[in-house]
Asks: 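Have a look at the structure that comes next, please.
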Amino acid sequence: MKDTRKNIKAAPAVKAAIESIRMELGVKTESHALAYLAAMYSDMKGRKITLGDHQSYLSAAEEVNNQISM
(Lines give C-alpha, C1' and ligand atoms only; values in the text may rest on other atoms or scores of the structure.)
Protein backbone atom coordinates (compact mmCIF):
# COMPACT_ATOMS: atom_id res chain seq x y z
CA MET A 1 0.00 0.00 0.00
CA LYS A 2 1.38 3.41 -1.01
CA ASP A 3 1.78 6.02 1.70
CA THR A 4 -0.32 9.01 0.56
CA ARG A 5 0.44 11.29 3.50
CA LYS A 6 1.94 14.70 2.71
CA ASN A 7 5.40 15.54 4.00
CA ILE A 8 5.91 18.68 6.01
CA LYS A 9 9.29 20.28 5.47
CA ALA A 10 10.61 22.08 8.54
CA ALA A 11 13.86 23.64 9.65
CA PRO A 12 15.92 21.38 11.95
CA ALA A 13 15.20 23.59 14.98
CA VAL A 14 11.47 23.35 14.31
CA LYS A 15 11.73 19.58 13.85
CA ALA A 16 13.59 19.34 17.18
CA ALA A 17 10.91 21.44 18.90
CA ILE A 18 8.16 19.17 17.55
CA GLU A 19 10.08 16.11 18.72
CA SER A 20 10.50 17.64 22.17
CA ILE A 21 6.77 18.38 22.34
CA ARG A 22 6.02 14.84 21.16
CA MET A 23 8.12 13.37 23.94
CA GLU A 24 6.69 15.70 26.58
CA LEU A 25 3.12 14.85 25.56
CA GLY A 26 3.96 11.14 25.49
CA VAL A 27 2.45 10.58 22.06
CA LYS A 28 3.88 8.14 19.53
CA THR A 29 4.25 10.23 16.40
CA GLU A 30 4.97 13.75 15.21
CA SER A 31 1.55 13.66 13.58
CA HIS A 32 -0.06 13.26 17.01
CA ALA A 33 1.98 16.17 18.37
CA LEU A 34 1.03 18.36 15.40
CA ALA A 35 -2.64 17.39 15.76
CA TYR A 36 -2.47 18.37 19.43
CA LEU A 37 -0.91 21.73 18.55
CA ALA A 38 -3.52 22.33 15.85
CA ALA A 39 -6.33 21.56 18.31
CA MET A 40 -4.76 23.84 20.91
CA TYR A 41 -4.41 26.61 18.31
CA SER A 42 -8.08 26.29 17.36
CA ASP A 43 -9.09 26.42 21.00
CA MET A 44 -6.91 29.44 21.76
CA LYS A 45 -8.11 31.25 18.62
CA GLY A 46 -11.69 30.74 19.76
CA ARG A 47 -10.80 32.34 23.09
CA LYS A 48 -9.56 35.45 21.28
CA ILE A 49 -5.88 35.59 22.21
CA THR A 50 -4.52 39.08 22.68
CA LEU A 51 -2.62 40.91 19.97
CA GLY A 52 0.43 40.89 22.25
CA ASP A 53 0.21 37.11 22.66
CA HIS A 54 -0.20 36.69 18.90
CA GLN A 55 2.84 38.84 18.18
CA SER A 56 4.86 36.99 20.81
CA TYR A 57 3.98 33.60 19.28
CA LEU A 58 4.87 34.82 15.78
CA SER A 59 8.17 36.21 17.02
CA ALA A 60 9.07 32.98 18.81
CA ALA A 61 8.16 30.94 15.73
CA GLU A 62 10.28 33.17 13.49
CA GLU A 63 13.23 32.93 15.89
CA VAL A 64 13.14 29.12 15.97
CA ASN A 65 12.62 28.88 12.21
CA ASN A 66 15.51 31.26 11.48
CA GLN A 67 18.01 29.25 13.54
CA ILE A 68 18.78 27.29 10.39
CA SER A 69 20.46 30.34 8.85
CA MET A 70 22.92 30.81 11.70
Side-chain angles (χ1 to χ4, degrees):
M1 177 189 270
K2 184 177 179 183
D3 187 353
T4 59
R5 293 177 292 180
K6 301 287 184 189
N7 289 324
I8 297 175
K9 294 180 180 13
V14 174
K15 185 94 164 156
I18 295 297
E19 180 61 17
S20 177
I21 292 167
R22 183 197 68 75
M23 290 172 39
E24 186 175 332
L25 292 174
V27 295
K28 293 182 179 182
T29 66
E30 289 177 353
S31 181
H32 283 105
L34 291 169
Y36 173 90
L37 293 172
M40 186 171 62
Y41 169 79
S42 294
D43 185 48
M44 293 300 291
K45 186 177 177 184
R47 293 180 190 194
K48 306 289 186 203
I49 62 174
T50 67
L51 177 60
D53 288 340
H54 172 70
Q55 290 171 334
S56 178
Y57 298 147
L58 286 176
S59 177
E62 185 173 342
E63 183 177 321
V64 171
N65 196 49
N66 286 340
Q67 286 182 4
I68 192 170
S69 63
M70 293 185 161

Asks: Report yes if the side chains of T29 and L34 come closer than 4.5 Å at any heavy-atom pair, otherwise no.
Replies: no

Asks: If hydrophobic clusters are built from ILVMFWY residues whose side chains come within less than 4.5 Å, do Y41 and Y57 share one?
Replies: no

Asks: For the residue pair Y36 and V27, establish whether any side-chain heavy-atom pair is separated by less than 4.5 Å.
Replies: no

Asks: For residues R22 and E30, report the shortest heavy-atom separation together with the two atoms involved.
Replies: CD-N, 3.8 Å

Asks: For residues I18 and M40: do they belong to one hydrophobic cluster (side chain heavy atoms under 4.5 Å, members Ile, Leu, Val, Met, Phe, Trp, Tyr)?
Replies: yes

Asks: Answer yes or no: is there a donor N or O on one side and an acceptor on the other, between the side chain of S59 and the main chain of Q55, under 3.5 Å?
Replies: no

Asks: What's the spacing between K48 NZ and H54 NE2 if we round to 0.5 Å?
Replies: 13.0 Å

Asks: Apply side-chain hydrogen bond (donor to acceptor under 3.5 Å, both in side chains) to residues D53 and T50 and explain how you reach the verdict.
Replies: CA-CA 5 Å; D53 288 340; T50 67; 3.2 Å; yes

Asks: Can you tell me how far the NZ atom of K15 sits from the CD1 atom of I8, to the nearest 0.5 Å?
Replies: 9.0 Å

Asks: What are the two closest non-hydrogen atoms of A33 and I21, and how far apart are they?
Replies: CB-CG2, 4.4 Å

